[in-house]
Protein chains: 2
Amino acid sequence: MDPLDSPNSRPARLAAHSSPQGIAADLVAVLVAVTSGEPRVLTIQDQRALPSGPFELAHRSLQSGLRAWVERQTRLPLGYVEQLYTFADRDRAGTTGQHVISISYLGLTREQPAFGEHEARWRGWYDYFPWEDHRDGPPLLMEKALQPGLKAWASAASDRAAQRARRQRAAMLFGFEEHSWNEELVLQRYELLYEAKLIPEATRGNSSTSTSTRAALSNTPGHPMILDHRRILATGIARLRAKIKYHPVVFELMPDTFTLLQLQRCVEALAGRQVHKPNFRRLIEQQELVEETGETSQDTGGRPAKLFRFRRAVLAERAIAGTKLPVSGA
Amino acid sequence: MDPLDSPNSRPARLAAHSSPQGIAADLVAVLVAVTSGEPRVLTIQDQRALPSGPFELAHRSLQSGLRAWVERQTRLPLGYVEQLYTFADRDRAGTTGQHVISISYLGLTREQPAFGEHEARWRGWYDYFPWEDHRDGPPLLMEKALQPGLKAWASAASDRAAQRARRQRAAMLFGFEEHSWNEELVLQRYELLYEAKLIPEATRGNSSTSTSTRAALSNTPGHPMILDHRRILATGIARLRAKIKYHPVVFELMPDTFTLLQLQRCVEALAGRQVHKPNFRRLIEQQELVEETGETSQDTGGRPAKLFRFRRAVLAERAIAGTKLPVSGA
DNA sequence: TAATATATGCTCAACGAGAGTATATATCAT
DNA sequence: ATGATATATACTCTCGTTGAGCATATATTA
């Protein structure tokens, strides 16, 4: 089943029946850049929200509308844009009950001095999902904070079978007990934590939260966001982690020329895990994704590294499906 | 770039600026079943439209709303549901200029006697995309109808470089000249044909269509649909063809028990190409996706085949990412 | 009874992915 | 100057997967 519709991911509620004319739509953007080896997202509202704005039908397509809107608001040139998901089941906390359809997009760019009326700022995406960064092995907070909370959640199930199912699901998603870590399951992990009420967003606006839940929450790492913006961010990260494996979109995040190690660090930053250096280079070069510029970079510390540039021609040569980047264990 | 935003996929037009309150949303469903080895979609309006209806916010989530709506309208139990794409750039032919956001979904089910007020009928999806069926090799109509049209389109480009780019793109997508056929590029192929005005939908409502274009159109195979429904169907087929390779959704289309050849025929129907029988069986069995029922089926003609059933447990055991189905050359 | 169609199982070669090792060339601390 | 260290670059090996062909078993049908 589609993780975005996992049955218990949010409390059931009956919304008012709206006539089609009463619906509002807005765009939400997950804008990603990778700066000095860290994946970052553009945020507004004291870093608690993703950039968003009302949907206007003044463009040829949704996508070109988003592109124009982002470039007007932030002056960022978007290298790659892709629709993520359309949400319509938001909890509009505090609002008048007006329901909003949110159409979310992923956009790749290069970090620039933030610009915009809404105090736009770049922030590392692992600030929101610290458990997703496995570049130096599983982060300590997984044992310290997540595993106890998930264990408690599993034990709280009604019967033995349900407890076992919960434990198995947690182990599968977080790589406990023999299970290997799968970096693509960002959204499923977030939704499990949400379901287990280990995420502040899950109990927001719910006054009947128990004391024990509050205690667990206070230990939960990761910066919260408004509404379901963190879920949208999780969707974007998951999509990007899957995409870089078979589609050369990483280059939209790189400067014009770069060393192979810089490229590798960028992939590692996105995937949240290390990759095997020799294999990475082999795959990049044998696919002819890059070409040498003839120059070298010396500010890398050791031996000067050759500078490369992306061969944009491959986008025309090959079907937009046949390229691979290795994301495997170190 | 996302194929759904390819720059020339439809004529640019400036739509009226709508206030957020004036937006209507509806759901469009691509409902798929596979009956006796043929992939089929549910259609309405004399088989020229996909089932669709107004979006109502009376449900917990968009997805559960769609599920309820489909099951109410058609009495089909949906085994698997996934959001496809949200379109907002439709040409609302003949309507009052009211703009509609269409949220499209893919749903898998088993074919049942059609039910519903809108003369709902099942129809083979290759009636709409005859060039997508390569189970017996490339269909003749590719040489006969598509290749000449695409050749003309390529030659009509402004300069030599553009002509070459067009030829290359057509060859890449349709498998001409050394290029191999990639069954996943359904949407890209449709959009290329649209761009080349080889699809009736592309010139609809445009009175200035040239005579030569009309001639080409009359030769274009494939049943048209209203609005951009054929594009949505292409999106669904592409998504499903990609999905079956790493996610065990085929079983949602199968009866409770089935033979391995039936399963293979189902995969072949969806992928539009044949698969190697011994390899198919090997992969299915070594992944423990199925278990024997102990019974055999004799109505297959030759030696009785063992009957299998899907092991639903794998959905809980494995991360929703680690299963493979072979879709390769025969 | 032979022909035929399907079911089922086995083998082999080619390729790619993962992992380890070795060498070259720079910077930096002493 | 020199050794330590960090990076860059190249090569090798093994294993599992994948594509492809062949062989055998068991039914129906002419």
Side-chain angles (χ1 to χ4, degrees), chain A residues 36-37 134 137 180-183 244-246 257-268 271 273-308 321-330, chain B residues 36-37 134 137 180-183 244-246 257-268 271 273-308 321-330:
Chain A
S36 57
H134 285 229
S180 61
W181 175 258
N182 183 339
E183 75 279 355
I244 55 174
K245 290 183 182 172
Y246 58 90
T257 66
F258 47 84
T259 71
L260 290 186
L261 187 58
Q262 284 170 346
L263 182 64
Q264 181 184 340
R265 294 284 179 248
C266 180
V267 169
E268 290 175 335
R273 66 190 308 169
Q274 289 190 295
V275 305
H276 189 77
K277 194 196 299 200
N279 293 347
F280 181 82
R281 302 171 72 92
R282 176 176 61 189
L283 215 54
I284 297 294
E285 293 186 316
Q286 84 183 12
Q287 288 191 119
E288 302 179 298
L289 293 175
V290 297
E291 61 191 3
E292 299 185 15
T293 66
E295 319 218 311
T296 58
S297 162
Q298 295 207 358
D299 32 56
T300 53
R303 168 176 168 178
K306 287 182 192 164
L307 282 172
F308 293 84
T323 39
K324 292 173 200 163
L325 282 191
V327 175
S328 64
Chain B
S36 57
H134 285 229
S180 61
W181 175 258
N182 183 340
E183 76 278 356
I244 55 174
K245 290 182 181 173
Y246 57 90
T257 66
F258 47 85
T259 72
L260 289 185
L261 187 60
Q262 284 170 345
L263 183 65
Q264 180 184 341
R265 293 285 178 246
C266 181
V267 168
E268 288 175 336
R273 68 191 306 169
Q274 289 190 296
V275 305
H276 188 79
K277 196 195 303 201
N279 293 348
F280 181 82
R281 303 171 71 90
R282 177 176 61 189
L283 215 55
I284 296 294
E285 293 187 315
Q286 83 185 11
Q287 289 191 118
E288 301 178 300
L289 292 175
V290 297
E291 61 190 4
E292 300 185 15
T293 66
E295 318 219 312
T296 59
S297 162
Q298 295 208 357
D299 31 56
T300 53
R303 168 174 167 178
K306 287 182 192 166
L307 283 171
F308 293 84
T323 40
K324 291 172 202 162
L325 282 191
V327 175
S328 64

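Quick note on labels: first sequence line is chain A, next is B, and so on, each numbered from 1. Only this structure's heavy atoms are used, side chains among them; waters, hydrogens and symmetry mates stay out.
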Going by salt bridge (charged side-chain N to carboxylate O under 4.0 Å, His left out), name the residues that satisfy it together with E285(A), two or more places apart in sequence or in a different chain. none
How many Å lie between CD1 on I284(A) and P on dT9(D), as a whole number? 13 Å
Give the rounded distance in Å between these two atoms: CG of L283(B) and C1' of dA20(D). 15 Å
Given axes from five pairs at either end, by how many degrees does the helix from dT1(C)-dA30(D) to dT30(C)-dA1(D) bend, rounded to 10°? 0°
When the nearest nucleotide of DNA chain C is assigned to Q286(A) and to E285(B) on a heavy-atom basis, which residue is associated with the more 5' position? E285(B)
Starting at CZ of R281(A) and ending at P of dT9(D), how long is that distance when rounded to a whole Å? 5 Å
Take T296(A) and L307(A) through the test side-chain contact (heavy atoms from CB on, under 4.5 Å) and record every step on the way to the result. CA-CA 5 Å; T296(A) 58; L307(A) 282 172; 5.8 Å; no
What is the distance, rounded to the nearest whole Å, between atom CD of Q264(B) and atom P of dG19(D)? 13 Å
Is it the case that the side chain of Q286(A) and the backbone of L283(A) share a donor-acceptor pair, with hydrogens and angles ignored and the cut-off at 3.5 Å? no
What's the CD-P distance between Q274(A) and dG18(C), to the nearest Å? 15 Å
Please identify each residue that fulfils side chain to side chain donor-acceptor pair (under 3.5 Å) with Q264(A), with sequence neighbours left out. E268(A)
Options dT8(C), dG21(D), dA10(D), nucleotide nearest the side-chain atoms of P278(B): dG21(D)
Rounded to whole Å, please give me the gap between CZ in F258(A) and C1' in dT7(D). 18 Å
Could you tell me whether K245(B) and E183(B) make a salt bridge, using a distance below 4.0 angstrom between a side-chain N and a carboxylate O? yes
Residue set satisfying side chain to side chain donor-acceptor pair (under 3.5 Å) with E288(B), at least two apart, ordered chain then number -> none
Check whether more than 12 heavy atoms from other residues, nucleotides or ligands sit under 6.0 Å from atom CD of E295(B), and answer yes or no. no
Using side chain to side chain donor-acceptor pair (under 3.5 Å) as the criterion, list what pairs up with K277(A), not counting sequence neighbours. none
Atom NE2 of H276(A) and atom C1' of dA10(D): how far apart are they, to the nearest Å? 12 Å
Do any N or O atoms from the side chain of T293(B) and from the backbone of F308(B) form a donor-acceptor pair under 3.5 angstrom? no
Classify K277(B) by what it touches in the nucleic acid, base, sugar-phosphate, or nothing, heavy-atom distance under 4.0 Å. base
Rounded to the nearest Å, what distance is computed from the CG atom of residue N279(A) to the C1' atom of nucleotide dT14(D)? 12 Å
Which part of the nucleic acid, if any, lies within contact of L260(B), taking any heavy atom under 4.0 Å across all strands shown: a base, the sugar-phosphate backbone alone, or nothing? nothing
Please confirm whether any donor atom in the side chain of R282(B) sits under 3.5 Å from an acceptor in the base of dG19(D), or the reverse. yes
When you compare the protein's N or O atoms with those of nucleotides 26-30 of chain D, which come within less than 3.5 Å of each other, and at what distance?
| unit_1 | atom_1 | unit_2 | atom_2 | d |
| --- | --- | --- | --- | --- |
| dT28(D) | OP1 | Q298(B) | OE1 | 3.4 |
| dT28(D) | O4' | G301(B) | O | 3.0 |

